[in-house]
Amino acid sequence: VRMMHRCVLEMLGAESPSRLGLKGSDPSYTARLFMRAMEIMHFRFQGKKNVVVLLDSVDQLSEAETNIDLWLPHVFPSTVRMVVSTCDGPIFHRLAARQNSPSVRIPTLKPEARAAICASYLARIGRVFSMEQMATAVGAPFTCSPLFLTGLAQQCRLCYSRLLDEDSSPAPVVRELDRSRDVKELYENMLLELDGQYGGSDERGYGDLVQTCLTLLWASRRGLQQSELYEAVRQ
């Protein structure tokens, strides 16, 4: 639901926070407002341009908190194209069963593509894997997911930075793959590591930083952008 709130915010602009109000927790209300936002976009461009809305990784949503059938409309304006990505599973099959909803299965990433994604992400965070470390990372079946692959690179930098600098052995990558078999486990371990480094009271003044950030994200009605989270933490 919060993902839809953010989408509505982007489509409607500054007026949408007041329009969401206390009803923001109601998925059916959000769905109606989202449909209205798409109609506004349709008339704004007068049918001359197409609007593409991308909802990524909807399988990461908890069905205990929201139901995709409640907040994702079945019909869209003619100029609006909705693209939804999800891993194979119950949500994919429910979306594929909808009328006029063609689906495309993306094949598993080949090792060359995995290595390119991993190297690109590592370069962004100032890290390089040795040939042995890269071969271990891209050879694991779990790294067929780009999300898992980039998360693995980030987790190795977070937990084993010194080991990666001192040795080209794949041991740190193997250690992380042994305890993180899917995206959920990977991010749970990442949060535990961050909490160990930045949680609790210490002389650096971080306090319970991880708990504070997660509490702010949980309490926000429409999600938080990175700049908004920084501002909230500073306060």
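Throughout, numbering of the chain's residues begins at 1 and tracks the sequence. Just so we're clear, the structure is a prediction, and the values are computed from it rather than from any experiment.
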Exercise for the section: Apply side-chain contact (heavy atoms from CB on, under 4.5 Å) to Val83 and list each qualifying residue two or more places apart in sequence or on a separate chain. Expected result: Val52, Leu54
Problem - All side-chain contact (heavy atoms from CB on, under 4.5 Å) counterparts of Asp182, not counting sequence neighbours - result: Lys184, Glu185
Fill in the blank from the handout: Here the gap from Leu152 atom CG to Leu177 atom CG, rounded to the nearest 0.5 Å, amounts to 5.0 Å
Fill in the blank from the handout: salt bridge (charged side-chain N to carboxylate O under 4.0 Å, His left out) pairs touching residues 143-162, sequence neighbours excluded, are none
Handout entry: Check: Arg98 and Leu95 side chains under 4.5 Å, non-hydrogen atoms
Key = yes
Problem - By side-chain contact (heavy atoms from CB on, under 4.5 Å) - contacts of Val128 (at least two apart) - result: none
Handout entry: Gap separating the CD atom of Glu231 from the CG atom of Leu224, nearest 0.5 angstrom
Key = 11.5 Å
Handout entry: Criterion side chain to side chain contact (heavy atoms under 4.5 Å, CB included) on Arg175 and Leu163, from CA distance to verdict
Key = CA-CA 12 Å; Arg175 190 179 307 169; Leu163 288 175; 4.0 Å; yes
Practice task
Look up atom SG in Cys156 and atom CG in Leu164, then write down how far apart they are to the nearest 0.5 Å.
Solution key: 6.0 Å
Problem - Cluster companions of Ile106 among Ile, Leu, Val, Met, Phe, Trp, Tyr (side-chain spacing under 4.5 Å) - result: Val104
Problem - Counterpart residues, salt bridge (Lys or Arg N to Asp or Glu O under 4.0 Å), relative to Glu193 (two or more places apart) - result: none
Practice task
Not counting sequence neighbours, list each pair that qualifies as a side-chain hydrogen bond (donor to acceptor under 3.5 Å, both in side chains) and has a residue in residues 128-141.
Solution key: Ser130-Glu132, Ser130-Gln133
Practice task
Give the cluster check for Leu217 versus Leu147: same hydrophobic cluster or not, with ILVMFWY residues linked at side-chain heavy-atom distances below 4.5 Å.
Solution key: yes
Practice task
Run the numbers on Ser168 and Met131 for side chain to side chain contact (heavy atoms under 4.5 Å, CB included), then give the verdict.
Solution key: CA-CA 8 Å; Ser168 62; Met131 292 182 62; over 6 Å; no
Fill in the blank from the handout: Here the side-chain hydrogen bond (donor to acceptor under 3.5 Å, both in side chains) pairs for residues 117-128, sequence neighbours left out, are Tyr121-Gln154, Arg127-Ser161, Arg127-Asp165
Practice task
Is it possible for you to say whether Leu216 and Leu194 belong to one hydrophobic cluster, with membership spreading through side-chain heavy-atom contacts below 4.5 Å?
Solution key: yes
Problem - Pairwise distance CZ(Arg181) to CZ(Phe142) - rounded to 0.5 angstrom - result: 4.0 Å
Handout entry: ILVMFWY network linking Phe92 to Val84, side-chain heavy atoms under 4.5 angstrom
Key = no
Practice task
Give a yes or no on whether Val174 and Phe148 share a hydrophobic cluster (residues Ile, Leu, Val, Met, Phe, Trp, Tyr; joining criterion: side-chain heavy atoms under 4.5 Å apart).
Solution key: no
Problem - Non-hydrogen side-chain atoms of Phe129 and Val173 separated by less than 4.5 Å - result: yes
Handout entry: Sequence-distant partners of Ser180, side chain to side chain donor-acceptor pair (under 3.5 Å), two or more places apart
Key = Glu176, Asn189
Exercise for the section: Answer yes or no: is there a side-chain heavy-atom contact under 4.5 Å between Gln225 and Glu228? Expected result: yes
Exercise for the section: Identify whether Leu209 and Leu192 are in the same connected component of the hydrophobic contact network (ILVMFWY, side-chain heavy atoms under 4.5 Å). Expected result: no
Problem - Pairs touching residues 139-149 that satisfy salt bridge (charged side-chain N to carboxylate O under 4.0 Å, His left out), sequence neighbours left out - result: none
Handout entry: side-chain hydrogen bond (donor to acceptor under 3.5 Å, both in side chains): pairs with one or both residues in residues 106-115, sequence neighbours excluded
Key = Arg114-Thr143
Completion exercise
On a heavy-atom basis, the closest approach of Cys213 and Val233 is SG-CG2, 3.8 Å
Fill in the blank from the handout: Students should find that the hydrophobic cluster of Leu149, defined by side-chain heavy atoms under 4.5 Å apart, otherwise consists of Leu109, Ile117
Completion exercise
Rounded to the nearest 0.5 Å, the OH atom of Tyr187 sits from the CD atom of Gln155 at a distance of 9.5 Å
